[in-house]
Every structure is written in C-alpha cells, then in structure tokens.
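The structure appears right after this line, and notes come after that.
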Amino acid sequence: MGTEPQLKFYNTLTREKVDFHPIDRENVRLYVCGPTVYDFAHIGNARPAIVFDVLFRLLRQVYGESHVTYVRNITDVDDKINLRALRDHPGLPLNQAIRLVTEKTETQYREDAIALGCLEPTAQPRATENIAQMIEIIEKLIAKGHAYQAAGEVLFDTKSMSDYGQLSKRNLEEQQAGARVAVDAHKKSAGDFVLWKLSDESEPGWESPWGRGRPGWHIECSAMSGHYLGDVFDIHGGGLDLIFPHHENEIAQSRCAHGTDVMANVWMHNGFLQVEGRKMSKSEGNFVTIYELLRTDKLGGRTWPGAVLRLAMLMTHYREPIDFSVKRLEEAERLLAKWPAADVGVATPDAAVVAALADDLNTVAAIQALHALAQAANADAGVLPIFAASAALLGLLPEKVEIDDAVVSEINRRVSARLELLKAKNFAEADKIREVLSAEGIQLKDGKDAATGERTTTWEVKR
C-alpha cells in the first residue's frame with residue numbers, strides 16, 4: 001500500500017490528539033456501541049454509524065481490508081424494548097412480542113445503514129446471544145471484590161476502583177456529596193450500578209447463579225467487546241452522550257474483571273446533533289428518523305437520498321456539534337450534483353484526502369480535497385479513477401456490498417410482493433415499493449423469463 005500515513009486521533013481518555021499505533025497490525029480492532037432496537041433509528045443515531053464507517057474504511061485502506069475487525073453491537077434486551085413489545089403486541093407472550101419488535105427494528109436499522117452508504121461491520125452481535133459471557137464477567141467481579149448482591153440485584157462497587165471516573169473526569173466523591181443523586185437503600189454508594197437484576201414472570205430472563213434475571217445495560221458491551229475483540233483492543237467509539245455513565249462503567253467492569261490498565265487504547269466520540277437549530281425531541285416536533293428522511297416528506301417536504309444525508313453529516317468535523325437542517329441538505333445535494341459519475345476501480349485514493357482523514361478524521365478537509373478532484377476529473381477523464389477511489393474512501397460512491405441474510409430475505413420478500421401487485425395490475429402500490437427500495441439504495445431491474453414469458457425482477461445495491 002505504499003508509505004502509510006501516521007494516523008492521529010483525539011483520545012477522549014487523555015483529552016489529546018495522539019499517534020495511533022495498533023496493538024496488532026494484522027488485526028486492528030474497533031468497537032462501536034450500536035442501537036437499542038426498540039424503535040426506528042433517529043438521525044442522531046445516523047451520525048456514529050457514518051462517522052465510524054469512515055474510520056473503518058480508513059483503517060482498511062491503511063492496514064488492509066482483511067486486517068481490521070469492526071464490531072457494532074445490537075442491544076436487544078432492555079426495559080424500553082419490553083414496554084414497546086407490550087404496547088405494540090398486547091396479548092402475545094412477552095418473549096414472542098419482544099422478538100417481533102427487535103427483529104423488525106434491527107432489520108430496519110441495517111437497511112438504513114446500508115442506504116447511508118455504510119459497510120456492514122465485521123460482526124453485529126446481539127446482547128441476547130452473549131448472556132453467558134456477561135455472567136462470566138459478573139462472577140469475576142464478585143470474586144475480586146468489585147461487585148456485591150443486594151435486594152435482588154448484583155451491583156458494581158464503584159468505591160472498589162481507585163481511579164473510577166477517568167474517562168468522564170467526574171469525581172465520585174463530589175458526585176455523591178452533591179446530594180442530587182438519591183442513594184437506594186440497598187446500594188453501598190450512589191454511583192454503584194446494576195450488573196444483573198432479577199426478572200419476574202412477566203419479564204424476560206435467563207438463569208444465573210443469582211436467580212432468573214437479565215443484565216444491566218453496561219455489562220452487555222463489556223461482554224461483547226471482550227468476546228469478539230479481547231480484553232484490550234484498539235479503539236472504542238460512540239456518541240458523546242455515552243461517555244457517562246455507559247462508557248465509564250464499561251471501563252470499570254472490563255478493567256476490574258480482566259485486571260488490565262485500559263479497556264481500549266483510544267476512545268473516540270462524535271458530537272451532538274440538533275435539527276434546525278433545536279435539540280431533537282418529540283415534544284419539539286423535530287424528532288425525525290432515518291427511515292422518514294429516506295422515504296417521507298418529514299424534513300423539507302421531500303425525501304432525501306442516502307448519499308445526501310451522508311455528505312451532510314461529513315461536512316462537519318465529527319467531534320463538533322452539528323445542526324442538521326434543510327439548508328445543509330440542499331448544500332450537500334448541490335455539491336454532489338457537481339461531482340462526476342465514476343466506477344470504483346483499483347486506483348489509490350488521493351494523498352490529500354487520505355492525509356485529511358488520517359488527521360483525526362478531518363472529513364471537512366477531505367471533502368474539500370475531494371471537490372477539487374471532482375473539478376479536475378470533470379475537465380480530465382484521466383483523473384476519474386483517483387476521484388472514484390477517494391470518494392469511495394468516504395463512502396460516497398457505489399460499491400459491491402455484502403449484506404446480511406436477514407436483510408436479503410426482507411428485500412426478496414418485498415420484491416415478490418411487488419411482483420404480485422404488478423400481476424394484479426395494482427401499479428400504484430407496486431411503484432411505492434420500488435420507490436422505497438430505491439431510497440434504501442436497492443435498484444430493481446425488471447425482465448421476462450425466456451422460457452415462460454413471466455415477469456421477473458432482479459435487484460442490486462447501489463450506494
């Protein structure tokens with residue numbers, strides 16, 4: 001790959017930009033907190049998906065595609081999921097209702113991520129598939145004096161860790177002395193958090209040494225990251241809102257269970273997102289999902305292509321706050337319209353684009369360099385391959401996508417449903433399915449079976 005650029009990333013743990021040196025150049029390991037699948041992902045959830053997809057692409061470019069492992073988890077056990085299952089599927093057994101909610105929501109999240117130009121991570125583990133690993137970590141914490149049982153719960157003892165709070169820089173004593181955090185009677189300290197809690201018959205649960213119960217939120221990521229990436233790995237990413245308590249508590253659990261100095265060498269966090277200058281919330285009326293942006297007129301009275309949404313996100317540095325507005329989307333759309341069409345080949349990305357990304361994912365500078373390449377490519381077709389490779393590094397060009405079997409099955413189901421509508425001459429509904437699939441980056445090609453003369457449809461993913 002030629003001379004490698006020196007990657008530099010801002011490390012939230014040390015509050016400084018540091019040179020990145022992987023633990024193992026043959027297996028660079030990245031973990032990012034994924035969605036809790038109780039509802040369709042909102043546009044704020046899209047930001048870490050896109051940001052860390054760019055990081056994944058950069059690491060693959062520098063170290064080789066087969067030498068990077070990217071894990072993004074699926075949280076499919078959570079009290080919010082239980083409530084949504086009871087609301088949406090009353091009368092069904094809770095476990096069945098939960099499965100319906102989580103499978104639908106997870107499938108939609110994956111489809112949304114693909115439509116936004118994101119590569120599939122190396123692994124997308126479900127929390128419910130890693131309960132045994134969670135129980136194992138909790139047992140270690142109890143054995144080492146870092147956790148205790150009380151009132152049907154297993155809790156982490158924050159005072160057992162002398163340097164708890166390093167990531168968020170929160171002083172535990174000050175937090176407790178503030179008297180704003182009520183201390184539950186069964187807790188030793190206000191900051192102690194749940195590792196395991198008992199479940200009654202109306203709640204999902206798994207057998208454990210402490211009774212039938214379910215895990216706390218934080219232990220899930222400690223178990224999945226450790227299982228797939230090891231006790232210590234290279235980079236942990238997520239949104240700024242996860243620093244405390246989620247990431248702080250992940251560090252506490254993992255370090256104390258494994259006896260390590262760190263959980264991940266570098267911690268990277270993307271900034272907050274507003275919509276039209278206001279904090280996004282349902283009460284403000286500006287809460288918008290990725291699904292709605294791709295398929296409805298929720299923002300700006302129209303749908304928006306995935307590439308436009310992606311570019312609009314990358315036009316601000318990932319650590320800065322972002323105002324997601326119609327004006328920003330229109331600006332991104334105008335910029336994309338000036339770029340030439342090109343296929344990804346074997347060319348090497350432009351050095352200026354790579355250098356910008358190597359400097360703490362400076363996508364603003366990378367896009368400026370990419371736009372200059374686009375202008376050059378419009379004047380000289382010989383520049384097109386370099387432009388295409390550079391655009392692909394940012395996820396802004398179509399490329400072959402490996403997608404999950406569940407997503408393939410869902411696409412095939414909708415393609416078949418459209419064919420049935422066409423047979424019934426219900427062209428309006430058939431067109432709606434085509435439009436929705438197109439917004440997701442799925443291009444349909446209609447034809448006829450040479451032997452039977454029946455209508456057929458094939459599909460492919462376009463970014």
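For the residue pair Thr316 and Pro321, the shortest heavy atom distance occurs at CG2-O, 3.6 Å. The shortest heavy-atom contact between Ser390 and Asp350 is OG-N, 2.8 Å. Taking each heavy atom of Val101 and Ala85 in turn, the nearest pair found is CG2-CA, 3.7 Å.
In this structure, the side chain of Thr289 engages the main chain of Glu292 through a donor-acceptor pair within 3.5 Å. Here the side chain of Glu276 pairs a donor or acceptor atom with the backbone of Val326 at under 3.5 angstrom. Here the side chain of Ser438 pairs no donor or acceptor atom with the backbone of Arg434 at under 3.5 angstrom. A donor-acceptor contact shorter than 3.5 Å links the side chain of Asp234 to the backbone of Ile23. No donor-acceptor pair closer than 3.5 Å links the side chain of Asp360 to the backbone N or O of Asn362. Ser325 places a side-chain N or O within 3.5 Å of a backbone atom of Arg328 that can act as its donor or acceptor partner. Asn11 places a side-chain N or O within donor-acceptor distance of the main-chain N or O of Asn265, the cut-off being under 3.5 Å. Remark: the backbone N or O of Glu250 is paired with a side-chain donor or acceptor of Ser222 at under 3.5 angstrom. In this structure, the side chain of Arg47 engages the main chain of Phe272 through a donor-acceptor pair within 3.5 Å. Side chain of Thr102 to main chain of Arg99: a donor-acceptor pair is present (N/O by atom type, distance under 3.5 Å, no hydrogens or angles).
Scanning for side-chain hydrogen bond (donor to acceptor under 3.5 Å, both in side chains) contacts around Arg255 gives Asp163, with sequence neighbours left out. Asp76 pairs by the salt bridge (charged side-chain N to carboxylate O under 4.0 Å, His left out) definition with Arg126, not counting sequence neighbours. Residues passing the side-chain hydrogen bond (donor to acceptor under 3.5 Å, both in side chains) test with Arg302, sequence neighbours excluded: Glu333. Residues passing the side-chain hydrogen bond (donor to acceptor under 3.5 Å, both in side chains) test with Arg15, sequence neighbours excluded: none. Lys327 meets the salt bridge (charged side-chain N to carboxylate O under 4.0 Å, His left out) test with no other residue; sequence neighbours excluded. Applying the salt bridge (charged side-chain N to carboxylate O under 4.0 Å, His left out) test to Arg413 and every residue at least two apart in sequence or in another chain returns Glu410. In this structure Glu203 satisfies the side-chain contact (heavy atoms from CB on, under 4.5 Å) test together with Ser199, Asp200, Arg214, sequence neighbours excluded. Residues satisfying the side-chain contact (heavy atoms from CB on, under 4.5 Å) criterion with Glu16, sequence neighbours excluded, are Thr14, Val18. Here Lys8 pairs with Asp19 under the side-chain hydrogen bond (donor to acceptor under 3.5 Å, both in side chains) rule; sequence neighbours left out.
When side chains are defined from C-beta on, Met134 counts as touching Glu220, because their heavy atoms get closer than 4.5 Å. Asp53 places a side-chain heavy atom less than 4.5 Å from the side chain of Arg310. Looking only at side-chain heavy atoms (C-beta outward), Lys445 and Thr456 stay at 4.5 Å or farther from each other. Contact of the Phe233 side chain with the Ser225 side chain is registered, since non-hydrogen atoms from C-beta on lie closer than 4.5 Å. In this structure the side chain of Trp196 reaches within 4.5 angstrom of the side chain of Trp206, judged on heavy atoms. Leu437 has its side chain out of reach of Trp459: every pair of non-hydrogen atoms, C-beta onward, lies at least 4.5 Å apart. In this structure the side chain of Phe56 never reaches within 4.5 angstrom of the side chain of Pro121, judged on heavy atoms.
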Exercise for review: Please test Asn249 against Trp217 for side-chain hydrogen bond (donor to acceptor under 3.5 Å, both in side chains), starting from the C-alpha separation and ending with a verdict.
Suggested key: CA-CA 10 Å; Asn249 292 345; Trp217 174 32; over 6 Å; no
**Study point:** Pair Thr260-Asp231, side-chain hydrogen bond (donor to acceptor under 3.5 Å, both in side chains): steps then yes or no
**Key:** CA-CA 8 Å; Thr260 58; Asp231 295 351; over 6 Å; no
Exercise for review: Take Thr69 and Asn27 through the side-chain hydrogen bond (donor to acceptor under 3.5 Å, both in side chains) test and state the conclusion after the steps.
Suggested key: CA-CA 6 Å; Thr69 303; Asn27 185 20; 2.6 Å; yes
Exercise for review: Apply the test side-chain hydrogen bond (donor to acceptor under 3.5 Å, both in side chains) to residues His218 and His247: give CA-CA distance (whole Å), side-chain angles for both, the deciding distance (0.1 Å), then the verdict.
Suggested key: CA-CA 8 Å; His218 314 304; His247 288 169; over 6 Å; no
**Study point:** Residue pair Glu207, Ile135: steps toward the side-chain contact (heavy atoms from CB on, under 4.5 Å) verdict
**Key:** CA-CA 10 Å; Glu207 294 303 324; Ile135 291 173; over 6 Å; no
Review point. Does the pair Arg295 and Asp112 meet the rule for a salt bridge (Lys or Arg N to Asp or Glu O under 4.0 Å), with working shown?
Key: CA-CA 11 Å; Arg295 302 164 185 83; Asp112 288 346; 3.5 Å; yes
Practice item. May I have the step-by-step check of salt bridge (Lys or Arg N to Asp or Glu O under 4.0 Å) for Lys432 and Glu435, ending in yes or no? Key: CA-CA 5 Å; Lys432 286 182 182 179; Glu435 289 169 4; over 6 Å; no
Exercise for review: Starting from the C-alpha separation in whole Å, work towards a yes-or-no answer on salt bridge (Lys or Arg N to Asp or Glu O under 4.0 Å) for Asp431 and Arg418.
Suggested key: CA-CA 8 Å; Asp431 286 345; Arg418 176 176 172 272; 5.3 Å; no
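A salt bridge between Arg334 and Glu331 is absent, with no side-chain N of the basic residue lying under 4.0 Å from a carboxylate O of the acidic one. Between Lys80 and Asp39, none of the side-chain N atoms (NZ, or NE/NH1/NH2) sits under 4.0 Å from a carboxylate O, so this pair counts as no salt bridge. With salt bridges taken as basic N to acidic carboxylate O contacts below 4.0 Å, one links Lys197 and Asp79.
For the side-chain contact (heavy atoms from CB on, under 4.5 Å) criterion with Pro35, the lone passing option out of Asn45, Ile74, Thr105 is Ile74. Considering Leu293, Thr303, Val288 as possible partners of Lys298, the one that fulfils the side-chain contact (heavy atoms from CB on, under 4.5 Å) test is Val288. Val37 pairs in a side-chain contact (heavy atoms from CB on, under 4.5 Å) with only one of the listed residues (Arg84, Gln108, Glu106, Glu103), which is Glu106.
Residue pairs meeting the ring-ring contact (aromatic ring centres under 6.0 Å, His included) criterion with at least one member in residues 303-325, sequence neighbours excluded, do not occur. Screening residues 22-52 for ring-ring contact (aromatic ring centres under 6.0 Å, His included), with sequence neighbours left out, gives Tyr31-His236, Phe40-Tyr291, His42-Phe287. Applying the salt bridge (Lys or Arg N to Asp or Glu O under 4.0 Å) test to every pair with at least one member in residues 261-275, sequence neighbours left out, gives no pairs at all.
Note that CG of Leu94 is 11.0 Å distant from NE2 of His89, once rounded to the nearest 0.5 Å.
Note that Arg319 lies in the cation-pi zone of Tyr10, set by a 6.0 Å cut-off to the ring centre and a 45° limit from the axis.
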